[in-house]
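The structure appears right after this line, and notes come after that.
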Protein chains: 2
Amino acid sequence: MPEPVPELCRRIRQNELFSHLYMERQTTIKDIAVALRLSKSTVSRALRDAPDIKIETKKAVKALAEELDYQPNKLALSLLNRQTHTIGVIIPNLDYVLSTMVKGIDEVALEAGYTVMVCQSDESFGREIVNTKRLLESLVDGFIVSVSSETKVFEHIKKIQNKKIPLVLFDRVVNHISCPSVRLDNIAGGVLATQHLVDQGYKRIAILAGPENLNISNKRMEGYLQTLKLNGLRPDKRMIIHCDFNQQYAYEATKELLAMKQPPDAIFTISDRMAIGAMLAIKEKGLQMPDDIGLVGFNNEPVTSLVSPSISSVEMYAFEMGKATAKLFIEMLNSDDTMAHQEIVIKPKLFIRESSKRIITKKDRNNSA
Amino acid sequence: MPEPVPELCRRIRQNELFSHLYMERQTTIKDIAVALRLSKSTVSRALRDAPDIKIETKKAVKALAEELDYQPNKLALSLLNRQTHTIGVIIPNLDYVLSTMVKGIDEVALEAGYTVMVCQSDESFGREIVNTKRLLESLVDGFIVSVSSETKVFEHIKKIQNKKIPLVLFDRVVNHISCPSVRLDNIAGGVLATQHLVDQGYKRIAILAGPENLNISNKRMEGYLQTLKLNGLRPDKRMIIHCDFNQQYAYEATKELLAMKQPPDAIFTISDRMAIGAMLAIKEKGLQMPDDIGLVGFNNEPVTSLVSPSISSVEMYAFEMGKATAKLFIEMLNSDDTMAHQEIVIKPKLFIRESSKRIITKKDRNNSA
DNA sequence: TTGTAAGCGTTATCAT
DNA sequence: ATGATAACGCTTACAA
């Protein structure tokens, strides 16, 4: 009997400390060791098939482990290895695009043995900061972040970097932060949509852009502006509306657009939600798509092909983007190259549908959904 | 110099073990203790404002902690307290309803100091089991679960209960499992929708029900059947279609329904996605809502008021339900009553819109969105 | 082939 | 008012 008293103390303390917990105590290595009259280290090694353990011992240990449903305690491991095998994901919301991306991230992460902790900032800067702090406290192995539309200052992100914690930005990438990232070629998206409208003969093309400080909005708009100029069309400030990613705002903005003396004959909205808002306003006004007015959205959400008329939209491959992001993140984690600055850019594709197709060409036919 | 060698060993081991990690080592209590020539315990107590620590000491400790950006290591705490302050949430997908519910869960959990780990089973039984296992390994303090549509066997859920780990079921509640739960009064939902259609004078009311083994489908259908009988309408088997929660299936099912010799003059779909699928098929057939055919959906998703005609739908208060679920869970965690079997049932409300409103009554006017 | 002991970061108990 | 120690569950260098 080498140490009977400490053992007793342990039991007592446990009862005192943990009386409020009614969960069953998990089997530990020590339980197996005591039962088999072995030391903890032997059991540990046997479990992990160390070469220097007798085969019989291994068998006995494994058999008992199985019987007692032994599961290594992740907390202890994490404390020891300083790795939680957890990725903190911060996203602004859980709309169609983001939740599809999260699905992609999840899939890859799981396969690589990582668990994902998803926090929504709800497009709020304050909540994004809180989320960052919490995930930092949770000792996640790294961050995958898409910033909120309110976020204009990036100290919380820089804090992650200062702590040398792996970070990948996705979708809503930030210029001020230098780190690996995955994003859509948003300019190309704007170009695709706008050029298509120009090709269809629309002349006064308005854009419902998102919040002004959001890169994805500005890039899509940049594509829009470039395309107008390229086709000799003069951009008109009154045709450029900044509004929240929100069908309600889009609805109202469209109403105003249509009430102008020289209303637009086409609208490019940088999200499908906004496209639906716009569509509502257009229908209310009694205008026909695509004849009176053309409409192109962004994201290629399933709903675009379900409404009538179906809405042309720019596909951004959200699921693939999510997967690519997680892959990049995991590569980064496993590489020694601390500051591998890869930027993955996904190319969008336009799906042409009824809302904007007034000229039927071969090209359109190939492109259509 | 009481122990110079162990300290050295420590540094060496750290470098060996953790050279693959380039994260900065976090400040620990020990760092502060060494710097201030105090013991770990004193620092620990000072940090937590123990009454028996000298004020100067406290000040010094706190100042240094601040300066070094000290954060208590959650892993160590969790290991000690056997509490991770983490809730495992398993959901079948991230559609509008579920993501709204998750938002509600998140909000309450965060406030109570819990972090949420969300796993999607993607409506797959296999993935649900994997998720359960992973969250169990992650030592979550408890589970909040909504089962997949494929799940017909519940051993994995029972395993959670056998381990005496707190469990709350929500939305898709399972009869075979006895535990606290939060759900919609789905029968009432079915009744609301069906009675409304009857009141509007529809006679041949079809239902697009969900998967057969899903409780929420069956309950909504039960409400439908009850209401028909109550109004002296004979249920017709051909008017009852089981199909996946999916606009595509709903679209095809509706097409078949409309192709019948005696087609329905109203359709109740138990989700809005399905309602949109149905609507597509109806429009394709050239039928007018609400005159030729009535349509009522379920969930009251924003899209219902955005399509034309807008779709009547049963509101299930998803956000509130999520909040209620998390509250119940946390209550349960803090109560000694291990098996507090509360069942919270949320009452649905019908929002009447264009797709089914062919008689305008006072009551309708009050109810409409 | 196996056991011992130290350490990951923290707190509670007991001693000083 | 402060320190020493053991413990949470695990791994590993070193000793036997």
Side-chain angles (χ1 to χ4, degrees), chain A residues 2-3 5-18 21 25-34 36-58 60-61 65 70-84 137 139, chain B residues 2-3 5-18 21 25-34 36-58 60-61 65 70-84 137 139:
Chain A
E3 39 160 307
V5 180
E7 183 57 23
L8 192 67
C9 290
R10 195 177 67 81
R11 298 234 171 281
I12 292 167
R13 274 198 49 229
Q14 270 192 15
N15 281 345
E16 268 175 42
L17 276 172
F18 308 132
L21 294 179
R25 204 174 65 81
Q26 292 279 327
T27 308
T28 72
I29 279 198
K30 195 177 176 188
D31 296 328
I32 300 178
V34 170
L36 259 36
R37 299 175 174 269
L38 287 167
S39 75
K40 289 190 301 177
S41 34
T42 306
V43 173
S44 168
R45 282 180 283 224
L47 250 15
R48 316 202 297 112
D49 256 330
D52 50 359
I53 300 292
K54 221 198 300 178
I55 293 195
E56 302 164 31
T57 313
K58 281 188 196 173
V61 168
Y70 168 77
Q71 303 284 13
N73 184 313
K74 262 200 176 178
L75 253 27
L77 258 348
S78 293
L79 187 56
L80 201 58
N81 299 327
R82 282 193 161 82
Q83 274 188 261
T84 53
E137 281 171 3
L139 299 172
Chain B
E3 40 159 309
V5 180
E7 183 56 24
L8 192 67
C9 289
R10 196 177 66 80
R11 298 235 172 279
I12 292 169
R13 274 197 48 229
Q14 270 192 15
N15 281 344
E16 268 174 42
L17 277 172
F18 307 131
L21 294 179
R25 203 174 67 80
Q26 292 278 326
T27 308
T28 72
I29 279 198
K30 194 176 177 188
D31 295 328
I32 300 179
V34 169
L36 258 37
R37 296 174 177 271
L38 287 167
S39 75
K40 289 189 299 176
S41 19
T42 306
V43 175
S44 170
R45 280 179 285 223
L47 250 14
R48 315 201 297 110
D49 256 330
D52 49 0
I53 300 293
K54 220 198 301 178
I55 293 197
E56 303 164 30
T57 312
K58 280 188 195 173
V61 168
Y70 167 79
Q71 303 284 14
N73 184 314
K74 262 201 176 176
L75 253 27
L77 258 350
S78 294
L79 186 57
L80 201 58
N81 299 327
R82 279 195 165 83
Q83 273 189 263
T84 53
E137 281 170 5
L139 298 171

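Within every chain, numbering begins at 1; the chains are lettered A, B, ... in the order of the sequence lines, protein sequences first and strands thereafter.
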Measuring from [X]:[atom1] to [Y]:[atom2], what's the distance to the nearest 0.5 Å?
X	Y	atom1	atom2	result
A:N73	A:T28	CG	OG1	9.0 Å
B:L36	B:D31	CG	CG	11.5 Å
A:L79	B:L77	CG	CG	10.5 Å
A:K40	A:I32	NZ	CD1	13.0 Å
B:L38	B:R45	CG	CZ	10.5 Å
B:E137	A:Q26	CD	CD	10.0 Å

Return the value, rounded to whole Å, for the distance between atom [atom1] of [X] and atom [atom2] of [N].
X	N	atom1	atom2	answer
A:R25	D:dA7	CZ	C1'	12 Å
B:I29	C:dG7	CD1	P	17 Å
A:L80	D:dC10	CG	C1'	6 Å
B:R82	C:dA12	CZ	P	15 Å
B:L38	D:dA1	CG	P	14 Å
B:N81	D:dA7	CG	P	17 Å
B:L79	D:dC10	CG	C1'	9 Å
A:D31	D:dG9	CG	C1'	10 Å

Mind checking if [X] touches a base, just sugar-phosphate, or nothing, with heavy atoms under 4.0 Å?
X	result
B:L75	nothing
B:S78	nothing
B:E56	nothing

Looking at five pairs on each end of the helix from C:dT1-D:dA16 to C:dT16-D:dA1, what is the angle between the two axes, given to 10 degrees?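 End axes: 60° apart.
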
Do the side-chain N or O atoms of [X] get closer than 4.0 angstrom to the phosphate oxygens (OP1, OP2) of [N]?
X	N	value
A:T57	C:dT2	yes
B:S39	D:dG3	yes
B:S44	C:dT11	yes

Has the side chain of B:S41 got a donor or acceptor that lies under 3.5 Å from a partner of the other kind on the base of D:dA4?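 Checked by distance alone, the answer is yes.
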
Give the minimum heavy-atom separation between B:I29 and B:Y70, together with the two atoms involved.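 That would be CG1-OH, 3.3 Å.
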
Identify the two heavy atoms, one from A:S78 and one from A:T84, that lie closest to each other, and give their separation to 0.1 Å.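 Looks like OG-CA, 3.6 Å.
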
Please identify each residue that fulfils salt bridge (charged side-chain N to carboxylate O under 4.0 Å, His left out) with B:D49, with sequence neighbours left out.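 In terms of salt bridge (charged side-chain N to carboxylate O under 4.0 Å, His left out), with neighbours along the sequence ignored, B:D49 is linked to B:K58, B:K62.
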
Here's a test of your reading of the structure: between B:N73 and A:V43, which maps to the more 5' nucleotide of DNA chain C?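 Its nearest nucleotide lies further toward 5', so the answer is A:V43.
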
Start at the 5' end of DNA chain D and walk down; is the nucleotide closest to B:R37 or to B:K40 reached first?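 So the residue in question is B:R37.
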
Could you tell me if the side chain of A:T42 sits less than 4.5 Å from the side chain of A:I53, heavy atoms only?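 Yes. Closest side-chain heavy atoms under 4.5 Å.
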
Mind running a 4.0 Å heavy-atom check of residues 45-55 of chain A against DNA chain C and sending the residues that fall below it, in number order?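 Heavy-atom cutoff 4.0 Å gives A:R45, A:D52, A:I53, A:K54.
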
